[in-house]
Amino acid sequence: MTGGFLAGLVAGYGVAIPVGAIAVLILGLSARTSFRVGAAAAFGVATADGLYAAVATLGGAAVAGLVAPVAGPLRLAAALVLLVIAGHGAWRALRPRPVTRAAAGRGALDTPARAFAGVLALTLLNPATVVYFAALVLGRADRAEPDPLAAGLFVFGAFVASASWQLVIAGGGSLVGRVLTGPRGRLVTALLSSAIIAALAVAVLLPG
């Protein structure tokens, strides 16, 4: 019974730990706003990973085959969304106006609900995740006789792993935000975050 959960846990950490644009986005959100916003974004990522793990356990090779033809357009869409987020973050950081609590809440991803929905949608644009989970599911020894309980535990393990790691990233961003509380510090972190996200968006378009 625990085998499926542990397999999902390992799979979830495997896809979550490599630092990419989403991790930088969560870090920047927590630093500029609050841990609540970063945590909501973290659960958005975990929800997407859990959904993809569930799809992979149900569909396996068929799902991977369906995703492959649209991988290119999805990668392009993800890159464009990341570039928009990077540009919006830089524009808000450079715009000369006082930052109030009400104004901070009007950002694209600056509330928990918006952060969750936006990062969930952005993470779902990554077709490599479902292919990754499908490959792991197909490689397991019990694939010939799928056990619904084991499959459910696998999905739950992937969700727990993703959520725990992304929450660590959100916590790190919150600590950075507390250290860099001045206007200049927040300006630097916002511009740095936008620059990294833009660079990673370009990297998404490059052939792997």
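All residue numbers refer to positions in the sequence shown, counting from 1.
- Distance alone, capped at 3.5 Å, is enough to place a donor-acceptor pair between the Ser164 side chain and the Ala161 backbone.
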Quick one: side chains of residues 44-51, donor-acceptor pairs under 3.5 Å with protein atoms, not counting sequence neighbours, listed by atom name and distance.
| unit_1 | atom_1 | unit_2 | atom_2 | d |
| --- | --- | --- | --- | --- |
| Thr47 | OG1 | Phe43 | O | 2.7 |
| Asp49 | OD2 | Ser162 | OG | 2.7 |

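- Going from atom CG of Asp110 over to atom CZ of Arg32 covers 6.5 Å, rounded to the nearest 0.5 Å.
- In terms of hydrophobic clustering, with Ile, Leu, Val, Met, Phe, Trp and Tyr side chains grouped at heavy-atom distances under 4.5 Å, Phe35 and Val168 are assigned to different clusters.
- Minimum interatomic distance between Gly172 and Leu27 (heavy atoms only, all atoms of both residues): C-CD1, 3.8 Å.
- Every residue two or more places apart in sequence or in another chain was checked for a ring pair (Phe, Tyr, Trp, His ring centres under 6.0 Å) with Tyr13, and none qualifies.
- The nearest pair of heavy atoms linking Ser30 to Gly38 is OG-CA, 3.1 Å.
- Nearest approach of Ala39 to Leu167, heavy atoms of both residues: CB-CD2, 3.7 Å.
- Under the rule for a side chain to side chain contact (heavy atoms under 4.5 Å, CB included), the partners of Val37 that lie at least two apart in sequence or sit in another chain are Leu29, Thr33, Ser34, Pro112, Ala115.
- Within the 3.5 Å criterion, the main-chain N or O of Ala170 finds no donor-acceptor partner in the side chain of Ser174.
- Contact check for Leu25 versus Leu122: side-chain heavy atoms found under the 4.5 Å cut-off.
- Using a 4.5 Å heavy-atom cutoff, the side chains of Phe5 and Phe156 are in contact.
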